[in-house]
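Structure record follows, encoded as structure tokens.
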Amino acid sequence: MTFKISNSLYLGLLALLCSTLSNAQQPQKKRPNIILIMVDDLGYEALESYGGTSYKTPNINKLAATGMQFNQAYAQPLCTPTRVKLMTGQYNFRNWEAFGILNSKQKTFGHLMKGAGYATCMVGKWQLQSYDPPEYPGSEYRRGRGMKVSNAGFDEYSMFHAAHTEDKGSRYADPTIFQNGKILTHTKGQYGPDIFTGYLNDFVGRQNNKPFFVYYPMALTHSPFTPTPNSSAWTKPENRLVDSTVHFKDMVEYLDKIIGDIVTNLEEKGLREETLILLYSDNGTHQSITSQMGNRTVRGGKGLTTEAGIKVPFIANWPGQIKAGSHSDEFVDAIDFLPTIMEAAETPLPKDFHTDGESFLAVLKEQPSKRRDWVYMSYDPKPGWDKDQFAPSEFVLNDNFKLYGDGRFYNIKNDVLEKDTLANAKISQEAKTIKERFEMILDSLKKYPSYGWIERLDPAFDSLVSKHARIELVAEGFNWSEGPVWQPYGQKILFSDVPENKIYQWNNLDGLSLYMAPSGYTGRITGYKEKGSNGLILDPKGKLVLCQVGDRAISKLTSLKDSINPNFEPIITHYKGKRFNSPNDLVYDSHGNLYFTDPSFGLGDKKSDIGFNGVFFFGKNGKLKLLDDSIKAPNGIAVSNDNKILYVADSDTQFPKILAYDLVGDGKVDNKRVFFDATELRSNSISKQSPDGMKIDKHGNIFLAGPDGVLVISPTGKHLGTIRTDKKTGNCAFSDDNRYLFITADDYLLRVNLNPYSK
């Protein structure tokens, strides 16, 4: 049998076949190349496209004129907080560790873009692996701890400041540059930004088969303010490292030249139409620099949380995709770049990857989008060398208003410098509604839940505990938490779980973990109840000293191979040949002498060997002296800042109190007296707890764990207020900067931010 095909059917099949063959031969659409450039220390006032009149920036002007300029772009007040946010897409409260450090466990947009099939390259300034010089307190913990540039997710790199601070060298003339695993050796007479840019331009020209992602965290315009190759001073090599603000203008204009070089290179290589350029800045201009915006003088605000420190330039340029000369009032934060880059790369984020950012790709293409109309920042530049001048801050803002975490509320549209706070009674209903919404945003972006409340009894309390302080529940699940001590090495709090014979450690990044077990009962005394450590303290050399309830001794930690193999050296074990009861709490004076209490709490039904509950002095000369054997239940202990008064908490249920003694010599006390009577407070309390552990702040105020929380008592014995936990509370400790108070309360570890946020 034969079949006849009509002419029309034949022609249709032929057309279909040709179309299929044609489509098969068509190359797949290439995903866009992306270059993210982050300028160092440049506020929006420095650029002509934003109205700046001090510096000539024609290449950046052209980017803005042929792309989109954002009017509400924000960054953290300092560079490392911005860099961590930018590279991880997360708010700092989730993954901040320390200045100059990006935690090595984090995933960056380098890792994600490499996983998306992009060729990745990074050039410029790293400064995310170690920052502190060796002599800075805590540096031994942080040096070398951050992410190595070779592990950041980039195939190739050419970077300044890739390791220790004291080895970083110059970023400008005769630079020190770590490039693909080696320090460059022939940089004499060269200019660092030229080397970075040259490497970038070479890299993009070598990517024939892959789309590329380049991250360029620039060195310019960060101090030192030194000559550029276009400066007249450059002609004399001895002048090339001279630091003077007079060179800032040349640095801004050389930055603009570099932008022009990058664009020209893309054009010459035929890559311009398929490359998205994002030009951003990490924070405001250095405070030593003033710039003009017409008749208006603007002082740089780097480090400040006002507009001058956080509002930055941002320009996006992508020929054919972004409308030329367009402007946007959409809010953009550092966290938003990662999801935008991934969306532009047509690659979904991994399911296990969290970002706080919102893509602005639709904004670039002028497509409808639903994005937040506010910016939130959690900012904490410490710990880190030269960062003690800065303080943490937390705030949310829109184009009109700004609310800080400590309650300060500003109309930033009319009050750019934030000079006058707005009181609730004097603001409009619209402003009240916005403030309430901002409060909800602040509450929703907390790493830890709130717990308890704060009772204010005297106006003086407000200068010690911020009006808007919040009690945070940072860890829980203990049997009885006690004896906290702040350890600057590691920026962490150590505390005992007495019944569990353990010490735990907690810091804001890594959270809770076991520090050691056993902690207080090591088997030196057989047949004794296995209770652990109680009070903890660091000796004058920074070594951990423990009240070991189970061993009935005070010992020093000599080594800790791992959390289950501690080694201790007993310091004090007996008084007149008889073993102590259960050493409870301890304190050093500023001369290195040790004071401690020895109640019978830990003995259970065992009989005391020494026959009394005591308060002791152990001199730095090794001599032990009994100070008082008449207190019914000696517990917490503290020495005044001037070494003149010894305070001892008496946990007697019938007459709970703080006793005070005059210190009249080594191991000598006089004028014993009741400093604070807690009888009525205990009787009226929920917890029915007597005075326990205590610490003294820098002003001489006593923070006492007692009835229903931590009582704050003035040096004159006046009860100023209570940080209420409404449960049995064992002790407390300050962080080394006195910003945070940590509280051990039964099965909880709590934290309170005592100080107002910075501006």
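Comment: Lys446 engages Glu394 in a salt bridge, judged by a side-chain N to carboxylate O separation of less than 4.0 angstrom. With salt bridges taken as basic N to acidic carboxylate O contacts below 4.0 Å, none links Glu253 and Lys257. Between Arg83 and Asp282 there is a salt bridge, since at least one side-chain N of the basic residue sits less than 4.0 Å from a carboxylate O of the acidic one. Of the charged side-chain nitrogens involved, none lies within less than 4.0 Å of a carboxylate oxygen, so that Asp174 and Arg240 do not count as a salt-bridged pair. The existence of a salt bridge linking Lys56 and Asp256 is excluded, since no basic side-chain nitrogen approaches an acidic carboxylate oxygen closer than 4.0 Å.
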Show, in sequence, the C-alpha distance, side-chain angles and deciding distance for Tyr376 and Phe395, and conclude whether the ring-ring contact (aromatic ring centres under 6.0 Å, His included) test is met. CA-CA 6 Å; Tyr376 163 81; Phe395 54 87; 7.9 Å; no
Where do His286 and Phe225 land on the ring-ring contact (aromatic ring centres under 6.0 Å, His included) test, with the steps shown first? CA-CA 10 Å; His286 196 280; Phe225 304 119; 5.7 Å; yes
Carefully, step by step, assess Thr264 and Asp261 under the rule side chain to side chain contact (heavy atoms under 4.5 Å, CB included). CA-CA 5 Å; Thr264 298; Asp261 291 344; 5.6 Å; no
Before you tell me yes or no, could you show the steps for Thr306 and Val416 under side chain to side chain contact (heavy atoms under 4.5 Å, CB included), namely the whole-Å CA-CA distance, both residues' side-chain angles and the distance that decides it to 0.1 Å? CA-CA 7 Å; Thr306 54; Val416 177; over 6 Å; no
Residues Ile315, Phe70; criterion side chain to side chain contact (heavy atoms under 4.5 Å, CB included); working and verdict: CA-CA 6 Å; Ile315 297 168; Phe70 285 76; over 6 Å; no
Please lay out, stage by stage, how Glu156 and Arg206 fare under the test salt bridge (charged side-chain N to carboxylate O under 4.0 Å, His left out). CA-CA 12 Å; Glu156 301 181 33; Arg206 291 188 275 109; 2.8 Å; yes
Before giving the answer on side chain to side chain contact (heavy atoms under 4.5 Å, CB included), spell out for Tyr199 and Tyr157 the whole-Å C-alpha distance, their side-chain angles and the decisive distance to 0.1 Å. CA-CA 9 Å; Tyr199 196 93; Tyr157 55 86; over 6 Å; no
For the pair Phe213 and Phe109, evaluate ring-ring contact (aromatic ring centres under 6.0 Å, His included) and give the outcome as yes or no after the intermediate values. CA-CA 9 Å; Phe213 170 57; Phe109 49 31; 5.2 Å; yes
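Checking side-chain atoms of Gln287 against main-chain N and O of Gly301 turns up no donor-acceptor pair under 3.5 Å. Checked by atom type and distance alone, the side chain of Ser104 never pairs as donor or acceptor with a backbone atom of Gly146 at under 3.5 Å. The main-chain N or O of Thr275 is found under 3.5 Å from a side-chain atom of Arg272 such that the two form a donor-acceptor pair. In this structure, Gln106 contributes its side chain and Leu102 its backbone to no donor-acceptor pair below 3.5 Å. In terms of modelled atom types and a separation under 3.5 Å, the side chain of Thr221 and the main chain of Asp41 share a donor-acceptor contact. Looking at Ser291, its side chain never comes within 3.5 Å of a backbone N or O of Gly52 through a donor-acceptor pair. A donor-acceptor contact shorter than 3.5 Å links the side chain of Ser54 to the backbone of Gln292. In this structure a side-chain-to-backbone donor-acceptor pair under 3.5 Å is missing from Thr187 to Gln190. Without hydrogens or angle criteria, Ser378 side chain to Phe93 main chain gives a donor-acceptor distance under 3.5 Å. Under the 3.5 Å distance criterion, the side-chain polar atoms of Asn411 are left unmatched by any main-chain donor or acceptor of Asp415.
Taking the six-membered ring wherever Trp is involved, the centroid distance between the rings of Phe409 and Phe401 falls below 6.0 Å. Checked against a 6.0 Å centroid threshold, the rings of Tyr191 and Trp234 count as neighbours. The ring of Phe248 has its center closer than 6.0 angstrom to the ring center of Tyr55.
Between the side chains of Tyr50 and Glu48, no donor N or O sits under 3.5 Å from an acceptor N or O. When only modelled atom types and interatomic distance are considered, Tyr44 and Glu307 share a side-chain donor-acceptor pair under 3.5 Å. Side-chain contact, Thr82 with Gln76: no donor N or O sits under 3.5 Å from an acceptor N or O. The closest side-chain donor-acceptor pair between Asp356 and Gln90, if any, does not fall under 3.5 angstrom. Looking at Asp329 and Asn71, their side chains do bring a donor and an acceptor atom within 3.5 Å of each other. The closest side-chain donor-acceptor pair between Asp194 and Tyr172, if any, does not fall under 3.5 angstrom. There is a side-chain donor-acceptor pair under 3.5 Å between Thr66 and Asn317. There is no side-chain donor-acceptor pair under 3.5 Å between Arg171 and His161. No hydrogens or angles considered: a donor-acceptor pair under 3.5 Å links the side chains of Ser49 and Gln69. Under 3.5 Å, the side chains of Thr347 and Arg31 contain a donor-acceptor pair of N or O atoms. Side-chain contact annotation: Ser231 with Asp250, donor-acceptor N/O pair under 3.5 Å present.
Between the CG atom of Leu63 and the CD1 atom of Ile37 there is a distance of 7.5 Å, given to the nearest 0.5 Å. Note that the CZ atom of Phe203 and the CE atom of Met122 stand 11.5 Å from one another [nearest 0.5 Å]. Once rounded to the nearest 0.5 Å, the distance linking CZ of Phe337 with CG of Leu278 reads 6.0 Å. For the atom pair Asp40 CG and Ser281 OG, the distance stands at 7.5 Å (nearest 0.5 Å). Rounded to the nearest 0.5 angstrom, Asp243 CG and Thr226 OG1 are separated by 7.5 Å. For the atom pair CG (Asn283) and NZ (Lys302), the distance works out to 5.5 Å, reported to the nearest 0.5 Å.
Looking at residues two or more places apart in sequence or on another chain, you find a side-chain contact (heavy atoms from CB on, under 4.5 Å) between Gln389 and Asp386. With sequence neighbours excluded, the residues satisfying salt bridge (charged side-chain N to carboxylate O under 4.0 Å, His left out) with Asp373 are Arg437. Qualifying salt bridge (charged side-chain N to carboxylate O under 4.0 Å, His left out) partners for Lys402, counting only residues two or more places apart in sequence or in other chains: Glu418.
Taking each heavy atom of Ser359 and Thr340 in turn, the nearest pair found is CA-OG1, 3.3 Å. The minimum heavy-atom distance between Trp318 and Pro32, with the atom names listed, is CZ2-CB, 3.5 Å.
No option in Tyr74, Phe360, Phe331 other than Phe360 meets the ring pair (Phe, Tyr, Trp, His ring centres under 6.0 Å) test with Phe314.
Within 6.0 Å of the NZ atom in Lys413, the count of heavy atoms belonging to other residues, nucleotides or ligands does not exceed 12.
Residues Leu349 and His354 form no side-chain contact, since every pair of their non-hydrogen atoms from C-beta on lies 4.5 Å or further apart. In this structure the side chain of Arg371 reaches within 4.5 angstrom of the side chain of Asp336, judged on heavy atoms.
In this structure, Lys125 fails the cation-pi test against Phe160, since its NZ or CZ atom is not both closer than 6.0 Å to the six-membered ring centre and inside 45 degrees of the ring normal. Judged by the 6.0 Å and 45° rule, Arg408 forms a cation-pi pair with Tyr404.
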